[in-house]
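As structure tokens, the structure follows; a few thoughts come after it.
Here the structure is a predicted model, which means the values were calculated and not measured.
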Amino acid sequence: MIELREIGRTYLRPNGERVEALRGVTLRIERGEFVAVVGTSGSGKSTLMNVLGLLDRPDEGSYWLNGHDVARLPVDEQAALRNKRIGFVFQSFHLLPRATALENVELPLLYSDRASLDGLGRRALEAVGLADRMSHRPSELSGGQQQRVAIARALVNEPDVLLADEPTGNLDARTALEILDVLSALNAAGRTVVLVTHDASLAARCGRVAELQDGRLVRDERAALVAGAAR
């Protein structure tokens, strides 16, 4: 489903210094996988997530999504593809304070070209266990519930892949596990999930762990090895 081939991304600091955020990253993710991307601050995790989400263009290599090389599509085509195929969840919830949970979830549908939008927002909230909170505003919800709304918003267009960048970073340990349970349930239902996290215990519960170090992919382990390393 996702294939990165020798991806490189370099930035220039204001002083002219070159920073190689990604160096020759090759990674293949199959449909229905749950992959955790880990690494220390500055390892390239967020840059990799931005490339996967078509928010940033690599300088080198190619990015194949569902059999199409998408890295160098025109900006408007990337935006349309992003809206249809990719869902985003971030550390900050980014909810509109005066909008209800349902209204927040339905925001991406404003840019949708689907023939019918009826029920999509409600189904997304039901999928994250918030069927009874649709009319609540963010201030009436706990942190964990707000993140569930954010996940539902990412799901409302029924994307192929869900990209979650430190989605538990603002939550306590118990609530973080609850959010991981939500992501795991979505994955069990067939959704492809890529999770960026600094929490090794959360990463160990994913089916696969990919580790970045200085912009390079230095580890890529499947479930059995991950579980063994966690013990």
The test is side-chain contact (heavy atoms from CB on, under 4.5 Å); show your working for Arg205 and Asp181 and say whether it passes. CA-CA 10 Å; Arg205 292 184 54 187; Asp181 287 341; 2.7 Å; yes
Measure from NZ or CZ of Arg13 to the centre of the six-membered ring of Tyr11 and say whether it is under 6.0 Å with the direction within 45° of the ring axis.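 No, Arg13 does not lie over the aromatic ring of Tyr11.
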[X] (side chain) donor-acceptor with [Y] (main chain) under 3.5 angstrom:
X: Asn50; Y: Leu55; result: no
X: Arg23; Y: Asp214; result: yes
X: Glu77; Y: Pro74; result: no
X: Thr40; Y: Ser43; result: no
X: Arg122; Y: Ala131; result: no
X: Arg153; Y: Asn104; result: no
X: Gln78; Y: Val70; result: yes
X: Arg133; Y: Val149; result: no
X: Glu6; Y: Glu60; result: no
X: Arg57; Y: Leu73; result: yes

Do the non-hydrogen side-chain atoms of [X] and [Y] ever get within less than 4.5 Å of each other?
X: Val105; Y: Met134; result: no
X: Arg219; Y: Val38; result: yes
X: Leu48; Y: Ile7; result: no

Taking every non-hydrogen atom, the tightest pair across [X] and [Y]:
X: Val194; Y: Met49; answer: O-CE, 3.8 Å
X: Met1; Y: Thr192; answer: SD-OG1, 3.4 Å
X: Gly53; Y: Phe88; answer: O-CZ, 3.3 Å
X: Leu162; Y: Leu186; answer: CD2-CD1, 4.2 Å
X: Pro58; Y: Arg72; answer: O-NH2, 3.1 Å
X: Ala124; Y: Ala152; answer: CB-O, 3.4 Å

Atom pair [atom1]/[atom2] of [X] and [Y] - distance to nearest 0.5 Å:
X: Asn157; Y: Lys84; atom1: CG; atom2: NZ; value: 9.5 Å
X: Asp220; Y: Leu212; atom1: CG; atom2: CG; value: 10.0 Å
X: Arg216; Y: Leu22; atom1: CZ; atom2: CG; value: 11.0 Å
X: Leu202; Y: Thr197; atom1: CG; atom2: OG1; value: 5.0 Å
X: Ile2; Y: Leu27; atom1: CD1; atom2: CG; value: 8.0 Å
X: Leu171; Y: Glu178; atom1: CG; atom2: CD; value: 9.0 Å

Kindly determine whether Glu30 and Arg28 satisfy salt bridge (charged side-chain N to carboxylate O under 4.0 Å, His left out), including the steps that lead there. CA-CA 7 Å; Glu30 301 294 345; Arg28 183 183 178 93; 2.7 Å; yes
Any side-chain donor-acceptor pair under 3.5 Å between Asn66 and Arg31? yes
Using residues 94-101 as the side-chain source, report each donor-acceptor pair under 3.5 Å to any protein atom, sequence neighbours left out, with the distance given to one decimal.
{"unit_1": "Thr100", "atom_1": "OG1", "unit_2": "Glu103", "atom_2": "N", "d": "3.1"}
{"unit_1": "Thr100", "atom_1": "OG1", "unit_2": "Glu103", "atom_2": "OE1", "d": "3.4"}

From CA spacing to verdict: side-chain contact (heavy atoms from CB on, under 4.5 Å), Ile179, Val89: CA-CA 11 Å; Ile179 293 301; Val89 183; over 6 Å; no
Which of these passes side chain to side chain contact (heavy atoms under 4.5 Å, CB included) with Leu4: Thr26, Ile29, Leu52? Leu52
As a quick check of understanding, evaluate side-chain contact (heavy atoms from CB on, under 4.5 Å) for Leu195 and Thr168, giving each step before the final call. CA-CA 10 Å; Leu195 167 71; Thr168 63; 5.9 Å; no
